[in-house]
Every structure is written in structure tokens, then in C-alpha cells.
2 protein chains.
Amino acid sequence: MDEIDRNLVVALQENGAAGLAELSKVAGLSVSATAERVKRLEEREVIRGWRIDLDPVAAGCPLLAFVFVAMHPGDGDAGFVAAMKQHEAVLECHTVTGAWCYLLKLRLADIAGLETFVSQAVRGQPGVARTETILALASPKETAILPVAEAEEE
Amino acid sequence: MDEIDRNLVVALQENGAAGLAELSKVAGLSVSATAERVKRLEEREVIRGWRIDLDPVAAGCPLLAFVFVAMHPGDGDAGFVAAMKQHEAVLECHTVTGAWCYLLKLRLADIAGLETFVSQAVRGQPGVARTETILALASPKETAILPVAEAEEE
DNA sequence: AATGAAAATCTTTCTCA
DNA sequence: TGAGAAAGATTTTCATT
């Protein structure tokens with residue numbers, strides 16, 4: 001990750017459909033050298049994949065909720081984590097500091113779907129002790145674009 | 001958003017670099033008809049943009065934190081929201097139900113950066129009454145791939 | 001590693017249904 | 001709105017520095 005890779009990655013986060021002609025200007029390299037750079041970023045899994053930014057309303061999952069989960073101590077959590085990974089509605093599952101064990105980020109069609117999901121898919125899991133559900137009423141900002149640190153050689 | 005659009009969007013969420021040849025198989029249409037479909041999905045802003053999935057460690061922002069923010073009543077929050085939108089470290093800013101006003105999702109380089117950011121960029125904002133910071137210790141799942149509901153005509 | 005040009009591939013446009 | 005073919009653009013490969 002030198003300065004050129006950094007510039008490429010910043011440009012591709014804004015516009016993943018940018019062509020090599022455009023990217024070569026960003027990189028200050030020829031088209032073929034730029035293509036080689038992008039290929040190596042993929043090989044090193046700095047770029048893990050290519051995605052689209054999809055409108056959640058159009059996708060039919062306008063409801064955004066966060067769910068804190070506390071587990072009974074002692075029981076392993078592997079089953080719980082595996083279950084969360086399987087559900088499409090679970091966009092994120094983090095282990096967290098503080099009073100709770102997990103924080104989930106969910107996207108669902110509506111409140112009825114949330115009710116069903118939390119009571120069955122989450123609270124139905126073995127080991128779950130308590131949950132707390134928080135609804136997002138609005139999202140002034142929601143991006144997957146990461147801040148990219150200044151270049152440090154790798 | 002008919003069944004074909006839905007299939008296209010599901011395929012593109014998995015692989016945004018899929019070519020029209022591959023997508024036309026998914027859609028069950030010719031290449032040109034598929035190209036027209038994708039173009040219309042962009043025009044209708046169902047597809048809002050093209051992105052890469054970037055490794056946060058390689059990007060230099062391995063630390064993930066959630067920050068709850070309570071505001072003093074009465075003061076407008078427009079300034080706070082505008083400030084959060086400007087900061088790259090703030091990936092998400094949601095207004096939420098419950099005891100807090102906002103939930104922020106932050107990505108930063110390290111704990112020192114988090115300390116500085118929360119005390120200055122967040123707690124330094126006019127109107128902020130209290131904050132609570134939660135660290136993610138691990139993220140068994142973190143995706144931006146949305147669940148796409150069964151087709152409903154638009 | 002990078003360049004420039006040739007070759008291969010993919011996307012876009014256009015006509016017709 | 002879709003299919004197929006031609007035209008145009010882009011990506012990939014390769015020889016060279």
C-alpha cells in the first residue's frame with residue numbers, strides 16, 4: 001500500500017465503475033501499469049470484492065434496527081454466531097465491550113418482520129439471556145466508504 | 001422491480017464486477033436487454049453507485065466503535081448532523097429510539113485516534129449532553145449486502 | 001515495476017420484431 | 001421491451017526498457 005495504491009483505492013471507493021483510463025490519471029501511471037496495480041490489490045485482498053450500493057427501500061428492507069444480545073456465561077457462542085451469519089437480515093454481528101455480548105445490525109421489511117426475527121431467530125437461539133432492540137428512525141449518514149490512512153509501505 | 005430486476009440486483013451485490021454476459025444468464029435475457037435493465041436500475045437509483053469492498057485493516061482503520069450520543073433538548077441538531085456527515089471516520093449516523101438520540105458507527109486507526117475523535121469531534125459539538133462508547137472486539141459478520149425482498153411490481 | 005501497441009473481450013448502439 | 005449484429009470502447013497480453 002504505497003501512495004499510488006492509496007489513491008487508487010480512494011478513487012474506487014467513490015466510483016467502483018471507474019475505468020482504467022480514469023484510474024490511470026489518478027495513479028499517474030500507464031493504463032497497463034494501473035491494471036497491474038488493481039489486480040495486485042485484489043490478489044492481496046486489499047480489495048475483497050466489487051459491490052453495488054443498493055437503495056434499501058427499493059430492496060424492500062427499509063427498517064433498520066440494532067439489537068444488543070447478552071449470552072448466558074459458560075455456554076459456547078459458536079452456534080449463535082453461526083446462526084447470525086446465515087441470516088441475510090443480519091448485516092453485522094459484532095462482539096462488543098460493555099454490558100452486552102453482541103451487537104447486531106438488522107435490515108428488515110417492517111416491524112412485524114422485526115418482531116418475528118428477534119423473537120425467533122435471535123431469542124430462540126440457545127444461550128441468549130437478554131436482548132435490547134433499538135430502531136433507527138432516520139439515517140443522516142450511512143456509508144461503507146472507509147477512511148484510508150496515509151500511505152505506509154507494506 | 002420485477003423478478004428479473006431482483007435477480008440482477010442479487011447477482012450484482014455478490015459480484016459487482018459481473019459482466020453483461022454473466023448477468024444475461026442470470027436475467028434470462030439477451031445481453032442488450034440486460035444492459036438496458038442495469039441502466040434503468042441506475043437511472044431509478046435502485047443502484048445508487050458502484051463500490052469496492054475494502055479490507056479495513058489494509059485501509060488503516062482496524063478499530064470499530066459505536067458511540068451513543070444524547071443531545072440537550074431544545075437545541076437544534078442540524079449542526080451536529082452536518083459535522084458528523086463531514087467526518088470520514090463516521091461511517092454511519094442514525095437517530096434512534098430509546099435513551100439516546102444518535103448512534104454513530106466509527107472506524108479509526110487506533111484507541112488514541114478514538115479518544116481524540118470522541119472528545120473533540122463528538123463531545124466538542126454544541127448540544128451534546130452525554131456519550132457512551134462501545135468497542136467492537138471482533139466482527140464475525142460485517143456486510144453491506146442487503147436482503148432483497150421477493151419481487152413486487154413498481 | 002512500468003510503457004506502448006496489438007490482440008482479445010466486452011459494452012454500446014442501431015435496426016427490426 | 002427484447003433480440004441480434006455491427007461499431008465502438010475497454011481490458012488484457014506481450015515484447016521491451
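Here is the naming used below: chain letters follow the sequence lines, and residue numbers restart at 1 for every chain. When reading the values below, keep in mind they use all heavy atoms of this one structure, side chains included, and skip hydrogens, waters and symmetry mates.
The side chain of B:Leu29 sits closest to D:dG2 out of D:dG2, D:dT11, C:dT12. Distance from the side chain of B:Ala35 is smallest for C:dT12 among the nucleotides C:dT12, D:dG2, C:dG4. Set against D:dA3, C:dT11, C:dT3, the side chain of B:Leu20 has C:dT11 as its closest nucleotide.
Residue contacts for B:Ala33: at a heavy-atom cut-off of 4.0 Å it reaches the sugar-phosphate backbone alone, with no base atom in range.
Rounded to whole Å, atom C1' of C:dA2 lies 14 Å from atom CZ of A:Arg40. What separates CG of A:Leu23 from C1' of D:dT11 is a distance of 12 Å, to the nearest Å. The separation between A:Lys25 atom NZ and C:dA2 atom C1' is 19 Å, rounded to whole Å. Residue B:Glu36 contributes atom CD, which lies 16 Å from atom P of D:dG4 at whole-angstrom precision. With rounding to whole Å, B:Glu43 atom CD is found 12 Å from C:dT12 atom P. Atom-to-atom, CG of B:Leu41 to C1' of D:dT1 comes out at 14 Å; the value is rounded to the nearest Å.
A side-chain donor-acceptor contact under 3.5 Å links B:Glu42 and B:Trp50.
Distances shown here put every side-chain N or O of B:Arg37 at or beyond 4.0 Å from the OP1 or OP2 atom of D:dT1.
Side chain B:Ser32 to base D:dG4: a donor-acceptor pair is found below 3.5 Å.
The one candidate from A:Leu135, A:Leu91, A:Leu114 that meets the side-chain contact (heavy atoms from CB on, under 4.5 Å) condition with A:Leu106 is A:Leu114.
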Using a 3.5 Å cut-off and no angle test, enumerate the donor-acceptor pairs between side-chain atoms of residues 117-127 of chain A and protein atoms at least two apart in sequence or in another chain.
residue, atom, partner, partner atom, Å
A:Ser119, OG, A:Glu115, O, 2.9
A:Ser119, OG, A:Thr116, O, 3.3
A:Arg123, NH1, A:Thr131, OG1, 2.7

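Note on ring orientation: taking the six-membered ring where Trp is involved, the planes of A:Phe66 and B:Phe66 are perpendicular (angle over 60°, cut-offs 30° and 60°).
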